[in-house]
Amino acid sequence: MAKRRPPTLFESATSAAFGGICNVIAGQPFDTIKVRLQTESSTKVFRGPFDCFLRTVSDEGFFALYKGTSGAFVSIMVENVVLLTANTGIKRALKNIRKDDSPLTLGEKALCGGVAGIFSAVAITPAEVIKCRLQVSRNNTVALATPNISGSSVSHSRCVSLECSRPPRYAGPIDCLLQTIRKEGYGGLFRGLSSVLVRDLPFNFMFLGSYEAVIHCLVGLRGSNASKDTLSSLEILTAGGIAGVVGWAVVFPIDVVKSRMQTSHRKDPSMVRVFRKIWLTDGPFAFYRGVSAALLRAFPANAGLFLGYEMAQRKLFHRLDHEVTELD
């Protein structure tokens with residue numbers, strides 16, 4: 001039986017880019033809401049994800065939901081290229097260690113994905129810092145009370161409420177980048193790296209492992225002559241969406257700590273210190289603030305990611321082989 005040709009580096013990078021575009025377009029509004037809910041202090045600004053959505057659109061316009069998109073786009077592109085390249089290399093290394101041609105088990109593939117997360121975590125942290133800081137930079141409206149002046153006398157019993165718009169902290173991603181480097185040094189771009197590592201290793205283990213498991217089940221349901229390439233777009237969407245939900249459900253509390261660390265302007269906020277502060281100040285449920293927005297985002301965003309990746313493989317590079325028996 002012929003086996004599916006493994007993708008070249010160029011093919012993986014290009015396919016990952018298409019998947020990344022689909023991921024950002026489908027998931028960025030949900031991600032903005034998630035980060036804003038995660039970074040609230042004990043004094044809540046929003047009543048929930050729907051209230052956050054309505055107030056963001058009302059106060060700042062619809063495109064405020066896409067704040068940090070440039071950072072997210074860079075982050076997703078870098079993450080996918082690095083993750084898929086590292087994942088392919090680790091799979092090949094594992095096969096060389098085993099010294100046989102038997103296909104990797106689902107557990108081995110999941111383990112390869114988890115280890116590959118080390119490389120992607122280091123690569124995406126600077127873009128994640130910029131993205132998160134832009135997402136929590138809001139156009140604040142401050143109410144000012146001023147005395148009502150009538151003629152030459154001033155009546156202090158009546159006041160006029162004026163609304164003063166306070167500009168956001170950053171003018172854009174470049175301004176955010178420059179401010180971060182100027183105030184915190186280049187190390188500020190890697191703020192929260194420890195939490196990204198702690199998040200991404202189990203996430204990629206569950207994420208890629210779940211995707212492979214769902215694909216394996218869907219191929220099995222189609223019969224002995226089926227392969228990943230015979231699956232429909234809907235089946236790829238379903239597998240990617242389920243993988244995203246499973247991965248985020250497992251690591252969400254760590255992601256809350258990461259967001260707090262990356263949006264903090266205090267010097268060197270350690271992961272343990274931020275964890276303790278959230279626990280003591282806001283309680284254990286604070287680790288699940290924004291979880292509904294995250295899970296709502298996880299399905300369409302990761303469904304789009306894998307659909308873009310798989311369709312690019314099929315349509316652009318014609319990596320279609322219906323005699324395949326082994327999943328990549």
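One is the number of the first residue; the rest follow in order along the sequence.
Using a 4.0 Å cut-off between charged side-chain N and carboxylate O, Arg55 and Glu60 make no salt bridge. Under the 4.0 Å criterion applied to side-chain N and carboxylate O atoms, Glu310 and Lys228 are assigned as salt-bridge partners. Salt bridge status for Arg260 with Asp282: present, with a side-chain N to carboxylate O gap under 4.0 Å.
Following chains of ILVMFWY side-chain contacts shorter than 4.5 Å, one cannot reach Ile236 starting from Leu234, and the two form parts of different hydrophobic clusters. Under the 4.5 Å side-chain heavy-atom criterion for ILVMFWY residues, no single connected hydrophobic cluster contains both Ile242 and Phe30. Two different hydrophobic clusters hold Phe190 and Val129 under the rule that ILVMFWY side chains link at heavy-atom gaps under 4.5 Å. Note on Tyr288: it clusters hydrophobically with Leu280, by side-chain heavy-atom contacts below 4.5 Å among ILVMFWY residues. A continuous path of Ile, Leu, Val, Met, Phe, Trp and Tyr side chains, each step under 4.5 Å between heavy atoms, connects Ile33 with Val45, placing both in one hydrophobic cluster.
At least one donor-acceptor pair closer than 3.5 Å links the side chain of Ser210 to the backbone N or O of Met206. Under a 3.5 Å cut-off, the side chain of Thr281 and the backbone N or O of Ile278 do not form any donor-acceptor pair. For the pair Gln28 (side chain) and Ile25 (backbone), a donor-acceptor distance under 3.5 Å is absent.
The CG atom of Leu189 lies 6.0 Å from the OG1 atom of Thr180; values are rounded to the nearest 0.5 Å. Interatomic distance, Leu237 CG to Leu231 CG, rounded to the nearest 0.5 Å: 11.5 Å. The OG atom of Ser194 sits 6.0 Å away from atom CE of Met271, with the distance rounded to the nearest 0.5 Å. Separation of atoms CD (Gln179) and CD1 (Ile174) is listed at 12.5 Å; rounding is to 0.5 Å. A distance of 9.0 Å separates OG1 in Thr238 from CD1 in Ile215, rounded to the nearest 0.5 Å. Taking CG from Leu104 and SG from Cys112, the interatomic distance works out to 6.0 Å, rounded to the nearest 0.5 Å.
Looking at Phe53 and Leu65, their side chains come closer than 4.5 Å, going by heavy atoms from C-beta outward. Within the 4.5 Å cutoff, no side-chain heavy atoms of Phe306 are placed close to those of Asn23. Here the side chains of Phe207 and Asn302 are in contact, with some heavy-atom distance below 4.5 Å. Counting heavy atoms from C-beta on, the side chains of Leu134 and Pro173 come closer than 4.5 Å. Contact annotation: the side chain of Arg92 never approaches that of Lys95 to less than 4.5 Å [non-hydrogen atoms, C-beta and beyond]. Looking at Tyr170 and Arg133, their side chains come closer than 4.5 Å, going by heavy atoms from C-beta outward. Counting heavy atoms from C-beta outward, Ser195 and Val198 have side chains that stay 4.5 Å or more apart. Residues Asp200 and Ile124 have side chains in contact (heavy-atom distance under 4.5 Å, counting atoms from C-beta outward).
Taking every heavy atom of both residues into account, Gly113 and Asn87 meet most closely at N-OD1, 3.4 Å. Annotation for Leu305 and Cys22: closest pair N-CB, 4.4 Å, computed over non-hydrogen atoms. Annotation for Asn204 and Gly117: closest pair ND2-CA, 3.4 Å, computed over non-hydrogen atoms. Shortest non-hydrogen contact noted between Val35 and Lys131 is CG2-NZ, 4.3 Å.
Qualifying side-chain contact (heavy atoms from CB on, under 4.5 Å) partners for Ala110, counting only residues two or more places apart in sequence or in other chains: Phe205.
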**Steps toward side chain to side chain donor-acceptor pair (under 3.5 Å) verdict (Arg36, Thr32)** = CA-CA 6 Å; Arg36 290 190 171 188; Thr32 298; over 6 Å; no

**Request:** For ring pair (Phe, Tyr, Trp, His ring centres under 6.0 Å), just list the numbers for Phe287 and Phe275, CA-CA rounded to whole Å, side-chain angles, deciding distance to a tenth of an Å, and then say yes or no.
**Result:** CA-CA 9 Å; Phe287 291 103; Phe275 181 91; 4.8 Å; yes

**Asked** What's the verdict on side-chain contact (heavy atoms from CB on, under 4.5 Å) for Arg191 and Thr125, showing C-alpha distance, side-chain angles and the deciding distance?
**Response** CA-CA 8 Å; Arg191 188 180 290 267; Thr125 297; over 6 Å; no

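No more than 12 heavy atoms of other residues, nucleotides or ligands sit less than 6.0 Å from atom CZ of Phe18. Summarising the local packing, CZ of Arg222 is surrounded by more than 12 heavy atoms from other residues, nucleotides or ligands at distances under 6.0 Å.
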Name every donor-acceptor pair, under 3.5 Å, that has one atom in a side chain of residues 244-255 and the other anywhere in the protein, sequence neighbours excluded.
{"residue": "Asp255", "atom": "OD1", "partner": "Arg199", "partner atom": "NH1", "Å": "2.6"}
{"residue": "Asp255", "atom": "OD2", "partner": "Lys34", "partner atom": "NZ", "Å": "2.8"}
{"residue": "Asp255", "atom": "OD2", "partner": "Gln38", "partner atom": "NE2", "Å": "3.0"}

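Ring geometry for Tyr66 versus Phe63: interplanar angle of 30 to 60°, hence tilted.
The closest side-chain donor-acceptor pair between Ser120 and Glu79, if any, does not fall under 3.5 angstrom.
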